[in-house]
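Input: a single structure, listed below in structure tokens.
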Protein chains: 2
Amino acid sequence: MDGRPDLRNDTARKILDAADELLAEVGLDGVSARSVATRAGVNNALVFYHFKSMRGLVERVLERYYEGQLAALEAATGAADEPLRARLHRVVDAYLDFMEAHRRFPRLVQGLTAMGPELHDLLRGHLAPLLRWAERALADVAPPEGPLAARHLFITFSGVITTWFTQGPLLAPLWGDDPEGPAALAERRAHVRWVVDALLAGLAREEPAGT
Amino acid sequence: MDGRPDLRNDTARKILDAADELLAEVGLDGVSARSVATRAGVNNALVFYHFKSMRGLVERVLERYYEGQLAALEAATGAADEPLRARLHRVVDAYLDFMEAHRRFPRLVQGLTAMGPELHDLLRGHLAPLLRWAERALADVAPPEGPLAARHLFITFSGVITTWFTQGPLLAPLWGDDPEGPAALAERRAHVRWVVDALLAGLAREEPAGT
DNA sequence: AGCGGGGTTGAGCAATTGCTCAACTTTCGC
DNA sequence: GCGAAAGTTGAGCAATTGCTCAACCCCGCT
């Protein structure tokens, strides 16, 4: 009933889905237990029965997304004998695909990050495996320390990708594009790939003799 | 009394400053008119007297930041005869300096962006001049359309910079650094400069014969 | 048939919210 | 020194919030 309720088509799942939708529509502060319950078609007391508190609900929504993201990135990592550039392209594609398939996710993370330090530990716990994964994936080309370390590249890459999804809806109307459309995403995907190539070229130039 | 109250050291300014601080501490939803008034040392009715509504207050806080940011970037743009690389480095430095001097700003924007579409028009209004400025500054090296257009580069650059300030506090403890310290910022600054150089090199390679 | 427990319900409580209002004080032109 | 405007105050209203609780329903078990 608490912690991790069953999510097989029963009430807890409907509540979780409703919370997910509402978080994207009205933001974190706009969603109330009553609104979640109403959308899920259940009594609002059930929200606190299945998830212990409102915060527990939000944490569970987050958890679901981060698990999916990490799985998607790891699945795209592929074999180590593949050329790094091709691997990175696949990973970046997977990142973009996941964000496109779950457009609410970057918004949600953005909102929670800005909500104050109480949630930082929670977010850190989900970010840590992603960072470790990036450090492993970039171990061959990035120095362990300094301005070109994998952690900086990780922040840069994730910034380049997620900023499109968070700022895109704001900016795209300014140049008359549909930010949610597939054409705009394809263009952004090409841009990100180009950025990856340019940064890889820069890394190769920086340290011509790899390990 | 409304719209744009005088900000010369009287009550309206104290309210605005208090709101600014609180927005960063407890997030957008955590700040109430009473909390703002208490911190400012005034009666809470004054919040609605000087600013018409709670939203008006937040808008005014935002406005102050965006005006400062645009001024800082334009001041750093410099003369057109200077080499583009040097100009970009100066602009990027100014961007980083502004963010460092106003660490609450990226957080605030992040929170407001995630808060739902009601605030999007407001944010768009502030973002538009920044975008136009970027398109002007990059007119020589970026094509007007496609994946390398100035707008994509703008999102990329601002993502690389702001993500450090929003995600940094989350990630830095994972590698035992003080994200707010000057050493961490200097390292990030070097990283961003390196990114700028790498992307400029990529652009030069893409279109060897400029206008 | 009876029992017990997970699931569900509506009502409700205490706290907080944005905002209003009438009354009070201060400021300022005249 | 007068009167109007600007500024300030405490009280309070209507609505919403997270959350609790006692009662109920429904199911399998014996």
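Order of the sequence lines fixes the chain letters, A, B, ..., with proteins taken first and strands second; residue numbering starts at 1 for each chain.
B:Met54 has its CE atom 9 Å from the P atom of C:dT17, to the nearest Å. Whole-Å rounding puts the A:Lys52 NZ to D:dC21 P distance at 14 Å. Rounded to whole Å, the distance from CG on B:Asn44 to C1' on C:dT16 is 12 Å. Regarding B:Tyr49, its OH atom lies at a distance of 17 Å from the C1' atom of D:dG10, rounded to whole Å. One can place CZ of A:Arg13 at 17 Å from P of C:dG7, the figure rounded to the nearest angstrom. Summarising the geometry, the separation between CG on A:Leu46 and P on D:dG18 is reported as 15 Å, rounded to the nearest angstrom. Rounded to a whole Å, the CZ atom of A:Phe51 is 13 Å from the P atom of D:dC19. Whole-Å rounding puts the A:Leu57 CG to D:dT17 P distance at 14 Å.
Between the base of D:dG10 and the side chain of B:Arg34 there is no donor-acceptor pair shorter than 3.5 Å.
Not one side-chain nitrogen or oxygen of B:Asn43 sits closer than 4.0 Å to the OP1 or OP2 atom of D:dT8. When the side-chain nitrogen and oxygen atoms of B:Ser32 are compared with OP1 and OP2 of C:dT17, one or more of them lie within a distance under 4.0 Å. In this model, the phosphate group of C:dT8 is approached by a side-chain N or O of A:Thr11 to a distance below 4.0 Å at OP1 or OP2.
Comparing atom distances between the A:Ala33 side chain and each of D:dT9, C:dG7, D:dG18 picks out D:dG18 as nearest. Of all nucleotides listed (C:dG6, C:dG18, D:dT9), C:dG18 comes nearest to the side chain of B:Phe48. Nearest to the side chain of A:Val42, among C:dC19, C:dT9, D:dT20, sits C:dT9.
A donor-acceptor contact under 3.5 angstrom links the side chains of A:Trp133 and A:Thr77, judged on distance only.
Proximity of A:Phe105 to A:Leu62: side-chain heavy atoms (C-beta onward) are separated by under 4.5 Å at one or more points. Looking only at side-chain heavy atoms (C-beta outward), A:Glu145 and A:Arg151 come within less than 4.5 Å of each other.
Counting non-hydrogen atoms under 4.0 angstrom, B:Val31 reaches the backbone sugars and phosphates but no base. Among the heavy atoms of the strands lying under 4.0 Å from A:Ala45 is at least one base atom, whether or not backbone atoms are also near.
In this structure, A:His191 and B:His152 have parallel ring planes: the angle between them is below the 30° cut-off, well short of the 60° mark.
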| query | So B:Ser35 and B:Ser32, side-chain hydrogen bond (donor to acceptor under 3.5 Å, both in side chains) or not? Walk me through it. | reply | CA-CA 5 Å; B:Ser35 64; B:Ser32 66; 3.2 Å; yes

